[in-house]
Amino acid sequence: MISDDLYKKVCSYCAKAERCPQEVEEWLRRHQVEEMSELVIERLKEERFIDEERFIHAYCADKLRFSGWGPFKIKHELYRRDLPEGLVDRIVSVVQEEEDARAILQRLLVKRLSMLSDPSPEEIQQKVIGWAMNKGFYLEDILSILKELRAS
């Protein structure tokens, strides 16, 4: 049986931001009540305090918009949270379209290129490609946008 006090605290934790089941489990572990985690998480899901789909969508949109992360890095972080792969792949694709990830990548690349002043264009391009891949963007998208930028 879950105590009302514990449940209110967990609900408050979930109400402050979108949470995934793994984050709630960690919170319960920190508060030494991990033996009840399954019951608590099921109840939170039933009452829609935890919704994996909603969490993935919010996480993806925030990381793309505010952190400038690409789909590869976003998916990797979501997989680390033990979220269903199919759901992650589907929602990340949807958010990439909704948020116009290509335009975000283009803005990031333009900004990054303006910051570099290496002697050769090849060195600049290599640095920008490495930087963008580290942010989680795919090589083919990076190269495509760099080609467009050179053409304009």
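Just one residue in the list K75, R81, K73 forms a salt bridge (Lys or Arg N to Asp or Glu O under 4.0 Å) with E77, and that residue is R81.
Formation of a donor-acceptor pair under 3.5 Å by the E42 side chain with backbone atoms of L39 is not found in this model.
Within a 6.0 Å sphere centred on CZ of F72, heavy atoms belonging to other residues, nucleotides or ligands number 12 at most. Around the NZ atom of K9, the shell of radius 6.0 Å holds no more than 12 heavy atoms that belong to other residues, nucleotides or ligands. Within 6.0 Å of atom CD in E26, more than 12 heavy atoms from other residues, nucleotides or ligands are found, so the atom counts as buried in its surroundings.
Residue E122 holds its CD atom at 9.0 Å from CD of Q126, rounded to the nearest 0.5 Å. Distance CH2/W69 to CG/N134: 10.5 Å, rounded to 0.5 Å. Here CD1 of I124 is found 11.5 Å from CZ of R112. Values are rounded to the nearest 0.5 Å. The NE2 atom of H57 lies 3.5 Å from the CD atom of E98; values are rounded to the nearest 0.5 Å. A distance of 6.5 Å separates CG of L6 from CG of L28, quoted to the nearest 0.5 Å. To the nearest 0.5 Å, atoms CD1 (I91) and SG (C60) are separated by 8.5 Å.
Shortest non-hydrogen contact noted between Q96 and P71 is OE1-CD, 3.7 Å. Residues L108 and G68 come closest through the heavy atom pair CD1-O, 3.7 Å. For the pair P21 and I41, the tightest heavy-atom approach, listed with the atom from each and the gap, is O-CD1, 3.6 Å.
The cluster map of Ile, Leu, Val, Met, Phe, Trp and Tyr, joined by side-chain heavy atoms under 4.5 Å apart, puts V88 and V94 in different clusters. Placement of Y138 and I129 in two distinct hydrophobic clusters is found when ILVMFWY residues are connected by side-chain heavy-atom separations under 4.5 Å, directly or transitively. A single hydrophobic cluster is seen to contain both F137 and L113, as judged by linkage of ILVMFWY side chains at heavy-atom distances under 4.5 Å, directly or through other members.
In this structure, S67 and D62 have side chains that are not in contact, with every pair of non-hydrogen atoms separated by 4.5 Å or more. With contacts defined as side-chain heavy-atom distances shorter than 4.5 Å, the pair S12/K16 qualifies. For the pair V92 and Y59, the minimum side-chain heavy-atom distance is 4.5 Å or more.
Partners of R29 according to the salt bridge (Lys or Arg N to Asp or Glu O under 4.0 Å) rule, which considers only residues two or more places apart in sequence or in another chain, are E34.
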Donor-acceptor contacts, no H, no angles, side chain residues 140-152, under 3.5 Å, sequence neighbours left out:
{"unit_1": "S144", "atom_1": "OG", "unit_2": "R102", "atom_2": "NH2", "d": "2.9"}
{"unit_1": "E148", "atom_1": "OE2", "unit_2": "R102", "atom_2": "NH2", "d": "2.4"}
{"unit_1": "R150", "atom_1": "NH1", "unit_2": "Q125", "atom_2": "OE1", "d": "2.7"}
{"unit_1": "S152", "atom_1": "OG", "unit_2": "E148", "atom_2": "O", "d": "3.4"}
{"unit_1": "S152", "atom_1": "OG", "unit_2": "L149", "atom_2": "O", "d": "3.2"}

For residues 47-55, please give each side-chain donor-acceptor pair under 3.5 Å, one per line with the distance, not counting sequence neighbours.
{"unit_1": "E47", "atom_1": "OE1", "unit_2": "Y7", "atom_2": "OH", "d": "2.7"}
{"unit_1": "E47", "atom_1": "OE2", "unit_2": "R43", "atom_2": "NE", "d": "3.3"}
{"unit_1": "R48", "atom_1": "NH1", "unit_2": "D51", "atom_2": "OD2", "d": "2.4"}
{"unit_1": "R48", "atom_1": "NH2", "unit_2": "D51", "atom_2": "OD2", "d": "3.1"}
{"unit_1": "D51", "atom_1": "OD1", "unit_2": "E53", "atom_2": "N", "d": "3.0"}
{"unit_1": "D51", "atom_1": "OD1", "unit_2": "R54", "atom_2": "N", "d": "3.0"}
{"unit_1": "R54", "atom_1": "NE", "unit_2": "E18", "atom_2": "OE1", "d": "3.0"}
{"unit_1": "R54", "atom_1": "NE", "unit_2": "E18", "atom_2": "OE2", "d": "2.8"}
{"unit_1": "R54", "atom_1": "NH1", "unit_2": "R48", "atom_2": "O", "d": "3.4"}
{"unit_1": "R54", "atom_1": "NH2", "unit_2": "R48", "atom_2": "O", "d": "2.9"}
{"unit_1": "R54", "atom_1": "NH2", "unit_2": "F49", "atom_2": "O", "d": "3.4"}

